[in-house]
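Data block below; observations after.
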Protein chains: 2
Amino acid sequence: MTTPKYLQIAERIRTECGTLHEGAQLPAEQELAAAYRASPMTVRRALDLLQEQGVVTRIPGRGTFVRHGIISKSSALTSFTEDITMRGMTPGTRVLGVDEVTPTSEVSRDLSLGRTELVLQLERLRFADDEPICLEVAHVPQRYAKALGDSALVSLHRGLASIGLAPDSATRRVHAAIVTDRQATLLGVPPGSPTLNIIQVFFDERGRPIQRSNACFRADRYETYSRVRRAENHPPTEETE
Amino acid sequence: MTTPKYLQIAERIRTECGTLHEGAQLPAEQELAAAYRASPMTVRRALDLLQEQGVVTRIPGRGTFVRHGIISKSSALTSFTEDITMRGMTPGTRVLGVDEVTPTSEVSRDLSLGRTELVLQLERLRFADDEPICLEVAHVPQRYAKALGDSALVSLHRGLASIGLAPDSATRRVHAAIVTDRQATLLGVPPGSPTLNIIQVFFDERGRPIQRSNACFRADRYETYSRVRRAENHPPTEETE
DNA sequence: AAGTGGTCTAGACCACGCT
DNA sequence: GCGTGGTCTAGACCACTTG
């Protein structure tokens, strides 16, 4: 077994949750332990994970309950593929277009481009279990895109990483909007539907912008979930550095 | 001892880290277990917490090391007032209603309420520079609300903090929607306008849920912004596409 | 009183980084 | 080979909710 048992159990429970209705009660931890032939502590750890990811809620003295919000999760630097697989669904992608274009002023500013620099524009329709979820437009400075070749069509981040430009941090803006006609058609939602838009600018470890992404999600199938903590206050004594 | 031992140990190790220099190696888990007179699993859980909070780094086969350099979690736990002030605007609030109500099943789950427990519901219209931008509905378990009195009307978070229930962490869900008729009227936007909805559940330092908030923002006047970093795991693993 | 999750124990074995 | 963290066991007791 290369993958830890608690992760295997978490996956099995996660898919199990997919077949249950919202608010359904899961078997008690001891029963789960017996069912999956593991010790209570191991099952507990799997449930800890699922709770952290918003898949279940646990109420002391009551039980453990299913909680499918919509999709989502994103507190760290996550990709669409990670987000979807983490919810037990199968991600898919259809490339709609690849072009060299003159960037808009907003793209140019976000990527710190020179005045004459072009960008590679990659437009993709994203799926979860064969249903369209997201229309994404990505931009990469042309000087990086050349080194990418066709690997960009497979996985943009992996392609960038292979040429020494692994994303290390990102800025993220989230806002709501109404679908455009084109978005409505591609996403298969009626006109007037709301969308959740996430604009990210990725930076490598040296702080250079390497990619911008404008992702438009169906609001009825996607939400973000994250856990935040109060500012970390303590290095109480000194921070001379 | 009402507070769990692993939390006590985490606090002691945390303060211990404050007196050590960056990168200093902590004693092995077994030594820590002996020093704090706890079992290995309990110490492990304390270290899990500290690692998640960025206080220490653990490297398999090497050891556990102090890491008080970084901080700046993605988006910290902020209140509406802090948020608006930080954007250079002047916050304002109008209380629309205060009631004791039977919670919906969703509120009940999020706050881990007993089946018969009531909640204090506080509905507020929030302003930035005298313009309405957010309609917020907050819920507090009745057993806490009693100790609050009228201080809740001034500042909910400050009131909770004054009775020893300072928010320490929160879960945050963000999704998009279309205004209801009532929201449109209160926020002063036309029907069919998009909204950015943020549902937060606040927890005290012991992880007990103390408040839930459902905030509905005008999409034309509000977006979230955050900076995220790659997970601090090991350098070169995992995909980000 | 019964059932649930929350905590805790006192060990075990493994994979890994080192020398 | 040694020490480290990572996983896992098979129980135990407690606090809590519910009938």
Side-chain angles (χ1 to χ4, degrees), chain A residues 1-11 13 23-52 55-67, chain B residues 1-11 13 23-52 55-67 103 105 108-118 141-143 203-209 231-237:
Chain A
M1 310 244 193
T2 54
T3 74
K5 189 185 275 193
Y6 75 94
L7 285 179
Q8 298 178 35
I9 294 174
E11 283 318 302
I13 295 177
Q25 181 166 8
L26 291 181
E29 296 179 353
Q30 288 189 359
E31 296 179 38
L32 290 172
Y36 293 121
R37 252 155 288 198
S39 85
M41 280 293 286
T42 304
V43 169
R44 236 161 177 284
R45 199 156 164 200
L47 290 174
D48 283 344
L49 191 68
L50 294 175
Q51 183 174 42
E52 179 85 11
V55 178
V56 302
T57 302
R58 288 192 282 185
I59 304 179
R62 295 271 308 278
T64 304
F65 303 89
V66 178
R67 198 185 148 149
Chain B
M1 314 241 190
T2 53
T3 76
K5 189 185 275 190
Y6 75 95
L7 284 180
Q8 299 178 36
I9 293 175
E11 284 317 303
I13 295 178
Q25 182 166 9
L26 291 180
E29 297 179 352
Q30 288 188 359
E31 296 179 38
L32 289 171
Y36 293 120
R37 251 155 288 197
S39 86
M41 279 295 286
T42 305
V43 169
R44 208 125 219 303
R45 195 152 170 204
L47 289 175
D48 283 343
L49 191 68
L50 294 175
Q51 182 176 42
E52 189 172 352
V55 178
V56 301
T57 301
R58 288 191 282 184
I59 305 180
R62 293 272 310 279
T64 304
F65 304 90
V66 178
R67 194 170 93 82
S105 64
S108 180
R109 245 202 342 275
D110 284 350
L111 293 176
S112 297
L113 296 179
R115 198 145 282 212
T116 64
E117 221 166 343
L118 298 182
Q142 196 186 31
R143 61 177 179 279
F203 302 86
D204 68 5
E205 69 228 333
R206 289 180 52 186
R208 293 175 301 199
E232 295 293 345
N233 306 346
H234 323 289
T237 40

Distance test, side-chain N/O of A:K5 to OP1/OP2 of D:dT9, below 4.0 Å | yes
Test item: B:L47 and B:L32 side chains (from C-beta on) under 4.5 Å apart, heavy atoms = yes
Rounded distance (Å) that lies between atom C1' of C:dG6 and atom CZ of B:R45 | 7 Å
Protein-nucleotide distance (B:R208, atom CZ; D:dT17, atom P), rounded to Å = 12 Å
Nearest-angstrom distance from the residue atom CG of B:L32 to P of D:dT4 | 10 Å
Bend angle of the helix from C:dA1-D:dT18 to C:dC18-D:dG1, end axes from five pairs each (to 10°) | 10°
Excluding sequence neighbours, so at least two apart, what forms side chain to side chain contact (heavy atoms under 4.5 Å, CB included) with B:A24?
-> B:L20, B:H21, B:V66
Each nucleotide of nucleotides 10-19 of chain C classed B (base within 4.0 Å of a protein heavy atom), S (only sugar-phosphate) or -, in 5' to 3' order, makes B-----BSS-
Starting at OH of B:Y36 and ending at P of C:dT7, how long is that distance when rounded to a whole Å?
-> 19 Å
Qualifying residues under side chain to side chain contact (heavy atoms under 4.5 Å, CB included), relative to B:L113, sequence neighbours excluded = B:P103, B:S108, B:L111, B:E117, B:V119, B:P141, B:R143
Which nucleotide, D:dT7, D:dT4, C:dG5, lies nearest any side-chain atom of A:R44?
-> C:dG5
Sequence-distant partners of B:D204, side-chain hydrogen bond (donor to acceptor under 3.5 Å, both in side chains), two or more places apart = B:R208
Whole angstrom value for the distance that separates P of D:dC8 from CG of A:D48 | 14 Å
Can you sort out the partners of A:E52 under side chain to side chain contact (heavy atoms under 4.5 Å, CB included), two or more places apart, ordered by chain and number?
-> A:R227, B:E52
By side-chain hydrogen bond (donor to acceptor under 3.5 Å, both in side chains) - contacts of B:Q142 (at least two apart) = B:E100
On DNA chain D, nearest-nucleotide positions of B:L113 versus B:E31: which is more 5'?
-> B:E31
Checking all strands, does B:Q25 fall into the base, sugar-phosphate, or nothing category for heavy-atom contacts under 4.0 angstrom?
-> nothing
Looking at side-chain heavy atoms only, is the closest gap between B:L26 and B:F65 below 4.5 Å?
-> no
Nearest-nucleotide 5' precedence on DNA chain D, B:T116 against B:L26 = B:L26
d(CG, A:L7; C1', D:dT7) in whole Å = 10 Å
Are A:T64 and C:dT4 close enough that a side-chain N or O sits under 4.0 Å from OP1 or OP2?
-> no
Only pairs at least two apart or in different chains count here, so list each side-chain hydrogen bond (donor to acceptor under 3.5 Å, both in side chains) that has a residue in residues 30-40 of chain B.
-> B:S39-B:T42
Just jot down the side-chain hydrogen bond (donor to acceptor under 3.5 Å, both in side chains) partners of A:R58, sequence neighbours excluded, or say none.
-> A:E29, A:D48, A:Q51
Under 4.0 Å: is that the gap between some side-chain N or O of A:Y6 and OP1 or OP2 of D:dT7?
-> yes
Between D:dG5, C:dC8, C:dG5, which nucleotide has the shortest distance from any of its atoms to the side chain of A:E29?
-> C:dG5
Do any N or O atoms from the side chain of A:Q25 and from the backbone of A:R62 form a donor-acceptor pair under 3.5 angstrom?
-> yes
Round to a whole Å and report the spacing from CD1 of B:I13 to P of D:dG5.
-> 11 Å
Rounded off to whole Å, could you give me the CG-to-C1' distance for the A:L49 and D:dC8 pair?
-> 16 Å
